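The block underneath contains the structure these notes are about, expressed in structure tokens.
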Amino acid sequence: MALSFCGNDKGINAYSVEEGVLNNGCFVDALNLVPHVFLLFITFPILFIGWGSQSSKVQIHHNTWLHFPGHNLRWILTFSLLFVHICEFAEGIMMMDTDHLHLYMPAFMGFVAATTSVVYYHNIETSNFPKLLLVLFIYWVLAFITKSIKLWKYAEYNVGPQHLRFCITALLVILYGLLMAVEVNVIRVRKYVFFANPQKVKPPEDLQDLGVRFLQPFVNLLSKATYWWMNPLIIGAHKRPIELKKIGKLPIAMRALTNYLRLKDAYEDQRDPDLSPSIWRSMYRAFGRPILLSSFFRCLADVLGFAGPLCISGIVKYLKETYFGVHFMSSTKLLQNTSVLAVLLFLALILQRTFLQTSYYVTIETGINLRGALLIVMGVILLYCLLGWSAVVGASVIVLLAPIQYLIATKLADTQKSTLEHSTERLKRTTEILKGIKLLKLYAWENIFCDSVEDTRGKELTSLKTFALYTSMSIFMNAAIPIAAVLVTFVMHHFLNETGPSPSEAFAALALFHILVTPLFLLSTVVRFAVKALVSVQKLGEFLQSDEIGDDSWRNGDMSVSLEGGKKHLGAVSLNDNTSVNRTTAHLITFSTFSVCVGQLTMIVGQVGCGKSSLLLAMLGEMQTIEGRVCWSKSDPSSVPYILIKNRNFVAYAAQKSWLLNATVEDNITFGSPFNKQRYKAVIDACSLQPDIDLLPFGDQTEIGERGINLSGGQRQRICVARALYQNTNIVFLDDPFSALDIHLSDHLMQEGILKFLQDDKRTVVLVTHKLQYLIHADWIIAMKDGSVLREGTLKDIQTHDVELYDHWKTLMNRQDQELEKVEEEEEEDDDNMSTTSNRRSKIPWKMCWRYLSSGGYLMVFLMVSSNLLKHSVIVAIDYWLALWTSSKTNQSNDSYYLPVFIILCAAGIFLCLFTSLSVEFLGLSAATNLHHNLLNKIIHAPIRFFDITPLGQILNRFSADTNIIDQHIPPTLESLTRSTLLCLSAIGVISSITPAFLVALVPLAVAFYFIQKYFRVASKDLQDLDDSTQLPLLCHFSETAEGLTTIRAFRHEARFRQRMLELTDTNNTAYLFLSAANRWLEVRTDYLGAVIVLTVAGASIWSLRYGLPCCGLVGLGLTYALTVTNYLNWVVRNLADLEVQMSAVKKVNSFLSTECENYEGSMDTSQVPENWPQDGEIKIQDLCVRYDPMLKPVLKHVNAYIKPGQKVGICGRTGSGKSSLSLAFFNMVDIFEGKIVIDGIDICKLPLHTLRSRLSIILQDPVLFSGSIRFNLDPEKTCTDDRLWEALEIAQLKNMVKALPGGLDAVVTEGGENFSVGQRQLFCLARAFVRKSSILIMDEATASIDMATENILQKVVMTAFADRTVVTIAHRVHTILTADLVIVMKRGNILEYDKPETLLEQEDGMFASFVKADM
């Protein structure tokens, strides 16, 4: 029948208007076309031709400025309008048998007009041309009037709510009315028409700033929902990597400072003397609204989720009256049409996924318990409606198994906590090993310490095994529960009802069970995160309520300090009977009343551990004051009395342990002060830093690595002193600034830096030192002993009043104190080139995946692959069997054929779920065990050169972050990837076999999916890298701030460091937000793709059924599987992207596994070496040539020397002369490529390394102690008696101190020996060498960190305790080798002088003689 606008019904004149124009239904419909045609006619020219230049002159993100009132409401109403037009069109189409065009044409034109209106509005808004909105206003008015006429006529002819078209028209009237109201409101607010003075608007600050690139808060609703604004970034990433510059900065509302202030205000509003503030309440007050909004969106998405099963039921189940010349349909009839249901299913999925992604964006999963309960209640009700009581029994299985899920989740959380503890302990031990690797190799203790790490790793692996078991159980429960529920339901249905369920009931129930499992699936994750959150918030709460140093009011001299009127200088700092406790070690220090005077140089002296540094810390307020006070004053030296101010002065402070920032040398020296070229140069010269700066690759713009690790100790210390000198402060505190410097540098720093630079500025200087020769320069001296002030005054006062002390000092001062520069042979570090050398556009690293899998063992790989394939085959078989069973419409007698097979298949499925989850987790565990074991062995047996050129941080990263990824992150990702991939493939296979027509649609869908994942993976990897790389500086800044708090607070730079912390947080948050938005971008697209698949499957099934192809049960099966594809498509891509990032950890670990080990074997067998070798200690060095690496020049060239048994030999020379290289050559630590060293007749190169190194002793310049006990530090091999250990401690002057400690030999040594002073640590190292009674002892500048009095005693002890042994001393202070039997002077890798010290001193023009003379 031919189509016509009003139809061609016989016997009816559709165009008759005899009863009045408006009484002709067709004419009324034609009238409804007028507004739509009007809008299209007016807007199309404007849209295509353009409307002149942009009126806003401000430079903004042109397409994101949304500023008309009611913007979001307009978009929501327009989307609703589009949906209603679709319904109107569908209703008209279903009346097609009447061939009336007017039934659906106005609906189609309305849809086009509504779409045009929103496009037109968006362009008008972003170009800020409000006058053109008048067109829309006229359109809404016309549309409202025409629809109202139609509704009025329907009512007149008694067409009511029972008719679908009446409901649709009523909805359209309401929507047009609301849109008209929105338009009126824009006119009222903006006054762009009908008013004399239109309102002028300015874009928000964020949009005027072109640096802000995160546009989610500013774009329109459609772009917000689909992340359309991310397209240029994600597609562009394929051509050019995403850099920090590209992602810009955060909008003001999202910045750390804004949110910090919001949370701080919410926290401080709760301040109540009786109640402690709650962080939870503060977070709710500050950020409650978005959390509630997210929960609302999530609930909406969950409710829409039930549309899927219901539509499946309808489609599988369901395969006209006339008024005023128009045909009508009832509302229920529409919902019984399968095509309509298919479209509704598609729209419901689109909406559900949009709400879901919005909720994820607003905030991560919240209100989980509420929505879980909501899901379960609604699901059970719907199941009951479908299948009656049998479904309730099935659902009860899910609910009853929930406590087990919860139990597993809590156990997982506990196991993770214990794993973390073991992991931290392992990392602590590994860090200690790497920091002290040189000592371990020299003492041949690598295997002992390696075993200790392996022990801790064993405990960690036990925890990881438990973790893997619980994770497997969790995965198993999630996979098996739906199978168990379906089994119980259909078995119960079989016994309760005479017939089996129909296909529509069965497959709707199947889809509902999958929905019910979701909240339980998330339960374990939520419980884990909840436990973590509770613990974190509890710790944070305790921290926020702990005491603070405050604003110095307690040490601000609130009481005036009495001074005699005639006193020459005024006090800058006063201590009144002050007793302090060191916060970390709980040592008590008592200071009597004394003051530090303005403009004077005050020196603090005393033996190791007497409390000199603690005195400085007490003045800075870093110690806990038990009684007494510290008063700071600011005064004019010419006026008395002086004025006391509220806050103490800024103090330039150089700590004993040098502290540097991860920044350039210049930044470390200026430390936030304005750069003054002249002052900067003067400071550099005063600290003799220019030669060092010249050696650095980029001069003073060189970045100093982690904790200044690419500088020597002396360089680090001088930069810290330079920082103190550069600051323009009245007071300077220097804590032992000479400890790591040789005599030339010390003298230069004292003369140029302290006496000239600081004293010329009339600055108050407090100097802690062991260098007693500088006491003559002091204006005031404070002598300390055992934590209290022994004596104070000028040198003359002490000479007069304490003759004994003065004489003791004088004997030490008169000693020859010629020092030589320390060897700074630390090599420049290479950057971590891992990231730069790898090809960033690389495909999925299949090679690394195989490397990882093969590390787990081939058997495990086979079991994992085969069990996974089998499991998914069985799951498909279960569903297919169910489809056959339900389609056969059997009676109970025939059920006996289907039921047993169904039970057997379900049981097999449940067993395979368990087996698969176990195989994946234990494959991961096996791989993690092998990779860590191999890595540790490779690293610990690597040559010392490897540690010189590889930054410590880089090695530690392999053991921390990378090992953690391999241990805990790769297995679940791998499991999730295999599961989601196989589910998608099996779903597509099942759908294609049921409805082959789907294969036609599959091609374009597959192409779309390929491009989506291709672009996403590249962008995701870049953003993940940015997130990681911006997180590292944040963590570094935090740790270095915590480490240098004393210095920062002394300088009063808290605000600057806080600001830097906020900036770094913002940078990291920007990367994280973009990564999160990219994930949403992917999920929205894969979800929409999934919805299209569902629509295609539904359409293909309906079309196929007309030709009688599949049975109803199989259509249900196809639709159920299509719904699962929607859930799993984005997981495939996400897991693929995650695995790609995680495999870089395997790649980094693998790169270290190719490191060459030292040759530990040697050509001689251990049995051939005499047990007491070396007995005599005779050393012959013959034509020795040594280099650090075959690629580098030799550091020792043709050296020849002979050391007799028992001789005391001193080796000296300037920087880089090869002294330390020679000491390392004795232990075969460097490449001896020519010549040999023969000890007691055996060439050391032939010996196994362990044998050689275990028979010699060495004391290094830097004291290294390990956490554990004193006994463990002296004798880790556990071969010595207690008497021998006490004897060694007595020789090292430590016996009394150790006896006083709780536990004696078993007293605790903290990490790095931090609970002992530097001097005490060095004494322990001496004791350690005495314990190993070797006939050869090497001392490599071992007395650099101890005061002269202690050093004197030690020199005597070494001479007596080692009287019959060979001692080789690398000299730091020349006087230490004046009593030696033989002196070797080295220069540039050659021996320059070689003789007795007396003989060498006689050669007046010799180098040794010049060293000694230099200080006379």
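Since the model is a prediction, treat every value here as computed from it, not as a measurement.
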Do other residues, nucleotides or ligands put more than 12 heavy atoms under 6.0 Å from the CZ atom of Phe675?
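Atom CZ in Phe675 is crowded, with more than 12 foreign heavy atoms closer than 6.0 Å.
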Over all atoms of both residues, closest heavy-atom pair of [X] and [Y]:
X: Gly541; Y: Ile279; answer: N-CD1, 3.4 Å
X: Ser613; Y: Gln656; answer: OG-OE1, 3.3 Å
X: Gln545; Y: Pro277; answer: NE2-O, 3.6 Å
X: Arg679; Y: Asn728; answer: NH2-CA, 4.0 Å
X: Ala722; Y: Val683; answer: O-CG1, 3.4 Å
X: Leu734; Y: Ala724; answer: CD2-CB, 4.0 Å

List the steps and the verdict of side-chain contact (heavy atoms from CB on, under 4.5 Å) for Ile782 and Met603.
CA-CA 6 Å; Ile782 296 168; Met603 287 196 194; over 6 Å; no
Are any side-chain N or O atoms of [X] and backbone N or O atoms of [Y], one a donor and one an acceptor, separated by less than 3.5 Å?
X: Lys612; Y: Gly606; value: yes
X: Arg791; Y: Ala783; value: no
X: Ser658; Y: Ala655; value: no
X: Asp667; Y: Ala663; value: no
X: Glu542; Y: Val537; value: no
X: His748; Y: Ala686; value: yes
X: Asn730; Y: Arg763; value: no
X: Asp700; Y: Glu666; value: no

Roughly how far apart are [X] [atom1] and [Y] [atom2], rounded to 0.5 Å?
X: Leu616; Y: Ile604; atom1: CG; atom2: CD1; answer: 5.0 Å
X: Phe1038; Y: Leu1034; atom1: CZ; atom2: CG; answer: 9.0 Å
X: Leu775; Y: Thr769; atom1: CG; atom2: OG1; answer: 8.0 Å
X: Ile798; Y: Glu792; atom1: CD1; atom2: CD; answer: 9.0 Å
X: Leu758; Y: Thr729; atom1: CG; atom2: OG1; answer: 8.5 Å
X: Lys428; Y: Glu432; atom1: NZ; atom2: CD; answer: 6.5 Å

What do the steps show when you test Arg718 against Leu689 for side-chain contact (heavy atoms from CB on, under 4.5 Å), and what is the final call?
CA-CA 7 Å; Arg718 279 178 287 142; Leu689 277 168; 4.0 Å; yes
All side-chain contact (heavy atoms from CB on, under 4.5 Å) counterparts of Thr424, not counting sequence neighbours:
Leu420
Quick check: do [X] and [Y] have side-chain heavy atoms less than 4.5 Å from each other?
X: Cys720; Y: Leu660; result: yes
X: Phe671; Y: His1053; result: yes
X: Met750; Y: Leu755; result: yes
X: Asp747; Y: Tyr774; result: yes
X: Val766; Y: Val732; result: no
X: Ser688; Y: Leu749; result: no
X: Leu1064; Y: Asn1068; result: no
X: Thr794; Y: Asp797; result: yes

Go through the side-chain N and O atoms of Ser673 and Gln727 and say whether any donor and acceptor fall under 3.5 Å apart.
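The criterion, which ignores hydrogens and geometry beyond distance, is satisfied for Gln727 and Ser673.
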Do Thr764 and Gln600 have side-chain atoms, one donor and one acceptor, less than 3.5 Å apart?
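No.
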Name the orientation class of the two ring planes belonging to Tyr726 and Tyr680 (parallel below 30°, tilted from 30 to 60°, perpendicular beyond 60°).
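Because their plane-to-plane angle is over 60°, the rings of Tyr726 and Tyr680 count as perpendicular.
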Parallel, tilted or perpendicular: which fits the ring planes of Phe1057 and Trp659, with parallel below 30° and perpendicular above 60°?
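Tilted, since the angle between the ring planes falls between 30° and 60°.
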Walk me through whether Arg723 and Thr1047 qualify under side-chain contact (heavy atoms from CB on, under 4.5 Å).
CA-CA 11 Å; Arg723 177 199 295 149; Thr1047 307; 3.8 Å; yes
Result for side-chain contact (heavy atoms from CB on, under 4.5 Å) between Phe1324 and one of Leu1294, Asn1273, Val1264 points to Leu1294
Only residue of Leu725, Val721, Leu601 satisfying side-chain contact (heavy atoms from CB on, under 4.5 Å) with Ile754 is Leu601
In sequence, state the C-alpha distance, the side-chain angles, and the governing distance for Leu767 and Phe733, and then conclude on side-chain contact (heavy atoms from CB on, under 4.5 Å).
CA-CA 6 Å; Leu767 172 69; Phe733 283 4; over 6 Å; no
Applying salt bridge (Lys or Arg N to Asp or Glu O under 4.0 Å), run through Arg1060 and Glu1063 and close with a yes or a no.
CA-CA 5 Å; Arg1060 181 73 184 134; Glu1063 285 168 8; 3.5 Å; yes
Residues that Thr602 engages under side chain to side chain donor-acceptor pair (under 3.5 Å), provided they are two or more places apart:
none
